[in-house]
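Every chain is numbered from 1 and lettered A, B, ... according to where its sequence line falls, protein lines coming before strand lines.
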2 protein chains.
Amino acid sequence: MDATPDPVAVRDTVQTGLDAGELVTVFGRCRVEYDGRASSTLGPGDRLLVLKPDGTALVHTDEGHQPVNWQPPGCEHEVRLSDGTLRIHSSRTTPEETLDVCFETVTAVNRYAVTDDSELSVSGTEADLRERVLESPSLVESGFEPRATERETAAGAIDIYGVDERGNAVVVELKRRRVGPDAVGQLDRYVTALRRESHDETTVRGLLVAPSVTDRASELLADRGLEFVALEPHS
Amino acid sequence: MDATPDPVAVRDTVQTGLDAGELVTVFGRCRVEYDGRASSTLGPGDRLLVLKPDGTALVHTDEGHQPVNWQPPGCEHEVRLSDGTLRIHSSRTTPEETLDVCFETVTAVNRYAVTDDSELSVSGTEADLRERVLESPSLVESGFEPRATERETAAGAIDIYGVDERGNAVVVELKRRRVGPDAVGQLDRYVTALRRESHDETTVRGLLVAPSVTDRASELLADRGLEFVALEPHS
DNA sequence: CGTGCCAGGTGCCCT
DNA sequence: AGGGCACTTGGCACG
């Protein structure tokens, strides 16, 4: 279905493909309007529209990882022909969001019968870092003993809660990559919350465990009396 | 270039398209390996590979807004034929990252001559909220006077710095949507930093300006003695 | 180039 | 459905 100038055939191909649960792409010159959590307008240009069977819509230009406009999974796609021009209207509720793609010209329409049973397996994630610490707590500090993961506080869940060799409470915040000030703020919230929830005589230490730390974050750690431990998510 | 079983023709089409600065898509059954900031493996399945002229690579399955695997702009794409199977190797440096897509079968290859001169225009952003506050400071509070935007502190830049009707310093943190604990942590960092950098007698107030706030964030605001003002980014 | 932060972030898990 | 947070977050602006 390449280089199709007949608008009716284009519309039918898109509609048939969507009805068949296929992935459909439309390439051509179009304008795009979005309205929902924000609003956006995009003037004419050549783009690749990807319509997925799960209700996803992606508008890709020649540049960038991100689609210039999109609609998340779960949307309803409507295919219309108005004055001989193809219009795709994709909408959802909660939140109310609409995407309109209006094609001036359509160069190509393609249907793809997609099936994918494989699951993506990722390593080097924060979960891997947590496993590493739980298996070898001494990597954090000699004498460190994990007592709980995801321990709840009023400020949120602590990645790893434990005690040091002196019996002090230890809050560990894990990050798979170099950390900035935001991670320090997060750790500080948990430490502060735990101190309020603990007996007055209990000392609560806060440890940020990550591959590295920025200067600004390092200063903030010092200001708040928190500590840093360098550790990679992988061996 | 649909339903092409000839591997050599497939490879040549992909290579020619990339050389011509076109957007190229390859659809078929493939495996994907990624290694870089993390590592991942994806078993066989039907996917749409999108190769952009700026060096972007996207691997899309039948589900989801996000590509299951990808490579950011600026990568080098290598097209190879190994034992009659198409292999796309996409790599970059800083950080060192590689993506390998190995096609068991190729169902379709398409080339798209993409040009896009239009710029996306978005409204309802944090910048809009800032403009709104600067034009009508009383929306924040009667007597509020903005004095600076992006005022620097040791903990980062304050969105809007100003004074209230009593002459107290005011730190305003803007968020375009409902805020959680992270925004409170951010505001608290700026307020704490500014207090340290100010004369002891100066009172520094912290205002979180956003459409709404979660319960947890609200509690944190109270704990830290910070305030909330409800305001939307649009009129 | 690294640092810091917004984004229509998205996705996952939990209540 | 909403909250809290990780993510190969991506993207931009600034030092």
Side-chain angles (χ1 to χ4, degrees), chain A residues 34-40 56 63-73 92-99 120 122-130 150 152-153 155-157 159 173-186 189-190 212-218 220 233, chain B residues 34-40 56-57 59 63-73 92-99 120 122-127 129-130 150 152-153 155-159 173-186 189-190 212-218 220 233:
Chain A
Y34 159 77
D35 194 60
R37 287 169 288 175
S39 303
S40 76
T56 301
E63 290 182 341
H65 162 101
Q66 300 266 170
V68 64
N69 276 115
W70 72 93
Q71 203 65 299
R92 69 158 176 169
T93 54
T94 54
E96 185 87 21
E97 283 186 309
T98 59
L99 182 73
L120 181 70
V122 189
S123 70
T125 168
E126 181 179 303
D128 293 320
L129 178 56
R130 183 178 61 241
E150 302 297 314
E152 284 296 335
T153 73
D159 282 343
E173 174 63 27
L174 304 168
K175 292 294 169 190
R176 64 172 298 280
R177 64 172 196 175
R178 183 174 177 85
V179 292
D182 52 342
V184 181
Q186 204 178 339
R189 296 206 311 272
Y190 301 151
S212 60
V213 63
T214 68
D215 287 348
R216 181 103 74 165
S218 192
L220 283 173
Chain B
Y34 159 76
D35 194 59
R37 286 168 291 175
S39 305
S40 77
T56 300
V59 182
E63 291 182 340
H65 162 101
Q66 301 266 168
V68 63
N69 276 114
W70 71 92
Q71 202 68 296
R92 70 159 176 169
T93 54
T94 47
E96 185 88 19
E97 282 185 309
T98 59
L99 181 73
L120 181 69
V122 189
S123 70
T125 167
E126 182 180 302
L129 178 56
R130 183 177 60 243
E150 302 297 312
E152 283 297 334
T153 73
I158 296 169
D159 283 343
E173 175 63 26
L174 304 168
K175 292 295 167 188
R176 65 169 298 281
R177 62 167 201 174
R178 184 174 176 87
V179 291
D182 52 340
V184 182
Q186 203 178 340
R189 295 206 313 271
Y190 301 150
S212 60
V213 63
T214 68
D215 287 349
R216 184 109 77 177
S218 191
L220 284 172

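Atom CG in A:L220 sits 8.0 Å away from atom OG1 in A:T214 (nearest 0.5 Å).
Note: CD (A:E150) to C1' (C:dC14) measures 10 Å, nearest angstrom. Across the protein-nucleic acid pair, B:R178 atom CZ and D:dG4 atom C1' stand 12 Å apart, rounded to whole Å. The CG-P distance, from A:L120 to D:dT9, rounds to 13 Å in whole Å. Atoms CD (B:E173) and P (C:dG4) sit 15 Å apart, rounded to a whole Å. Summarising the geometry, the separation between CG on B:L129 and C1' on C:dG8 is reported as 15 Å, rounded to the nearest angstrom. If you take CG of A:D159 and P of D:dC5, they are 9 Å apart, rounded to a whole angstrom. Atom C1' of nucleotide C:dT3 and atom CD of B:Q186 are separated by 14 Å, given to the nearest angstrom. Taking atom CG of residue B:D215 and atom P of nucleotide D:dG4, one finds them 8 Å apart after rounding to whole Å.
The main-chain N or O of B:G156 is found under 3.5 Å from a side-chain atom of B:T153 such that the two form a donor-acceptor pair. Although no hydrogens or angles enter the test, the distance criterion places a donor-acceptor pair under 3.5 Å between the side chain of B:R176 and the main chain of B:G124.
If you find the closest nucleotide of DNA chain C to A:G180 and to B:T125, the one lying nearer the 5' end belongs to A:G180. Remark on DNA chain D: of its neighbouring residues B:V213 and A:E126, the 5'-side contact belongs to B:V213, judged by nearest-heavy-atom nucleotide.
Considering only side-chain N and O atoms, B:Y190 lies under 4.0 angstrom from the phosphate OP1 or OP2 of C:dC5. A sub-4.0 Å separation between OP1 or OP2 of D:dG2 and a side-chain N or O of B:R216 is absent. At the phosphate of C:dG4, OP1 or OP2 sits under 4.0 Å from a side-chain N or O atom of A:T214. OP1 or OP2 of D:dC5 has at least one side-chain nitrogen or oxygen of A:R189 nearer than 4.0 Å.
Put simply, the side chain of B:D35 and the base of D:dT8 share no donor and acceptor less than 3.5 Å apart. With hydrogens and angles left out, the side chain of B:D182 and the base of D:dG4 share no donor-acceptor pair within 3.5 Å. Side-chain atoms of A:Q71 come within donor-acceptor range of the base of C:dG8, with a qualifying N/O pair under 3.5 Å.
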Scoring nucleotides 10-15 of chain D by protein non-hydrogen atoms under 4.0 Å (B base, S sugar-phosphate only, - none) yields SS----
Worked check of side-chain contact (heavy atoms from CB on, under 4.5 Å) between B:V184 and A:R189: CA-CA 10 Å; B:V184 182; A:R189 296 206 311 272; 5.8 Å; no
Using the rule given for side-chain contact (heavy atoms from CB on, under 4.5 Å), can you reason through A:Q186 versus A:K175, listing the C-alpha separation, both sets of side-chain angles and the distance that settles it, and then say yes or no? CA-CA 11 Å; A:Q186 204 178 339; A:K175 292 294 169 190; 3.1 Å; yes
Decide side-chain contact (heavy atoms from CB on, under 4.5 Å) for A:E173 and A:V179; before the verdict, give the C-alpha distance in whole Å, the side-chain angles of both, and the deciding distance to 0.1 Å. CA-CA 11 Å; A:E173 174 63 27; A:V179 292; over 6 Å; no
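Applying the salt bridge (Lys or Arg N to Asp or Glu O under 4.0 Å) rule to B:R178 yields no partners; only residues at least two apart in sequence or on another chain are considered.
Here the separation of C:dG11 from D:dG11, taken at their P atoms, is 16 Å to the nearest Å. C:dA7 and D:dC7 have their P atoms separated by 22 Å, with the value rounded to a whole Å. Comparing the same atom, P, in D:dT8 and in D:dG4 gives a spacing of 23 Å after rounding to whole Å.
Among the heavy atoms of the strands lying under 4.0 Å from B:A155 are primed sugar atoms or P, OP1, OP2 only; no base atom is included. Residue B:G156 is in sugar-phosphate contact alone, with no base atom involved, counting any heavy-atom pair closer than 4.0 Å across all strands shown. A:P181 comes within contact range of the sugar-phosphate backbone alone, with a heavy-atom separation under 4.0 Å but no base atom that close.
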For residues 64-73 of chain A, dump all side-chain donor-acceptor pairs below 3.5 Å to protein atoms at least two apart in sequence or in another chain.
residue: A:N69; atom: ND2; partner: A:S40; partner atom: OG; Å: 3.1
residue: A:Q71; atom: NE2; partner: A:S90; partner atom: O; Å: 2.9
residue: A:Q71; atom: NE2; partner: A:E97; partner atom: O; Å: 3.4

